[in-house]
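Below you'll find the structure, written out as structure tokens, and then a few comments.
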Amino acid sequence: MATEVFKNGYQNVTNSASAIYTAPTDAGDIAIVLSLRISNVDGTNDDTIIAEVKDQGGSLDAKIAHVMTVPAKSSLELAGTSKLVLEAGDSIELTGGAASGDLEAFISVLEIQA
């Protein structure tokens, strides 16, 4: 019987690419991204975000957002009204435009473990 577990992740985003979440690695496991929110906590300066799904299974990586502007004092929901399905070992990697760490990321995921 499959096990379902809700997980959250947090990250300060800089201009150095870093994974905010990696799906469980056992064969048959999947993860459904319910929310991927990027907030710009800087009071003055806009920043940009690149979000990619890194495919562990050998397919090409996929951009969720490519140099998308996050205005100062605002948030973007990158999962939108759809959901993102990650297969075993896939990850989501974030890269900001600035080194400051003024972008904060939050991810909410439902893991389904076979």
Side-chain angles (χ1 to χ4, degrees):
M1 181 173 185
T3 303
E4 297 179 357
V5 179
F6 287 97
K7 300 271 181 110
N8 292 326
Y10 310 90
Q11 181 178 334
N12 289 327
V13 181
T14 66
N15 61 356
S16 181
S18 181
I20 186 171
Y21 175 78
T22 301
T25 58
D26 291 337
D29 290 350
I30 63 168
I32 301 170
V33 178
L34 305 171
S35 178
L36 177 56
R37 183 168 300 254
I38 310 298
S39 297
N40 186 343
V41 297
D42 189 293
T44 307
N45 299 306
D46 294 352
D47 202 346
T48 58
I49 187 73
I50 297 171
E52 296 182 88
V53 173
K54 297 296 204 176
D55 184 28
Q56 187 64 25
S59 296
L60 295 175
D61 298 336
K63 299 267 196 277
I64 299 168
H66 185 70
V67 194
M68 184 177 281
T69 299
V70 185
K73 299 190 287 186
S74 67
S75 298
L76 290 177
E77 175 58 51
L78 297 181
T81 58
S82 61
K83 305 298 176 255
L84 305 170
V85 177
L86 303 177
E87 296 174 328
D90 290 353
S91 62
I92 294 182
E93 188 174 272
L94 303 175
T95 309
S100 63
D102 287 337
L103 293 181
E104 295 179 356
F106 171 82
I107 191 168
S108 180
V109 177
L110 172 61
E111 291 181 352
I112 303 173
Q113 300 171 350

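This one's a predicted model, so the numbers in the text were calculated from it and none came from an experiment. Side-chain atoms are counted along with the backbone in the values below, which use heavy atoms only and exclude waters and symmetry mates.
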Has the side chain of Thr14 got a donor or acceptor atom that lies under 3.5 Å from a matching backbone atom of Ser16? yes

Using modelled atom types and a 3.5 Å cut-off, is there a donor and acceptor pairing between side-chain atoms of Asp46 and backbone atoms of Ala72? yes

Within-4.5 Å side-chain heavy-atom neighbours: [X] and [Y]:
X: Glu111; Y: Asp29; result: no
X: Asp42; Y: Asp47; result: no
X: Tyr21; Y: Leu36; result: no
X: Asp102; Y: Asn45; result: no

Group every Ile, Leu, Val, Met, Phe, Trp and Tyr by side-chain heavy-atom contacts under 4.5 Å, then state whether [X] and [Y] land in the same group.
X: Ile92; Y: Ile32; value: no
X: Leu110; Y: Val33; value: no
X: Val53; Y: Ile112; value: no

Hey, what do you get for [atom1] ([X]) to [atom2] ([Y]), rounding to the nearest 0.5 Å?
X: Leu103; Y: Leu94; atom1: CG; atom2: CG; result: 9.0 Å
X: Thr3; Y: Gln113; atom1: OG1; atom2: CD; result: 6.0 Å
X: Asn40; Y: Lys73; atom1: CG; atom2: NZ; result: 10.5 Å
X: Glu52; Y: His66; atom1: CD; atom2: NE2; result: 8.5 Å
X: Ile38; Y: Leu76; atom1: CD1; atom2: CG; result: 7.5 Å

Which atom pair, heavy atoms only, marks the closest approach of [X] to [Y]?
X: Ile64; Y: Leu78; value: CG2-O, 3.7 Å
X: Ile20; Y: Ala105; value: CD1-CB, 3.6 Å
X: Ser39; Y: Val70; value: C-CG1, 4.5 Å

Pairs of donor and acceptor atoms involving the side chains of residues 81-91, under 3.5 Å and at least two apart or interchain, shall be tabulated with distances.
from: Ser82; atom 1: OG; to: Ala79; atom 2: O; distance (Å): 3.1
from: Asp90; atom 1: OD1; to: Gln56; atom 2: N; distance (Å): 2.8
from: Asp90; atom 1: OD2; to: Glu87; atom 2: N; distance (Å): 3.0

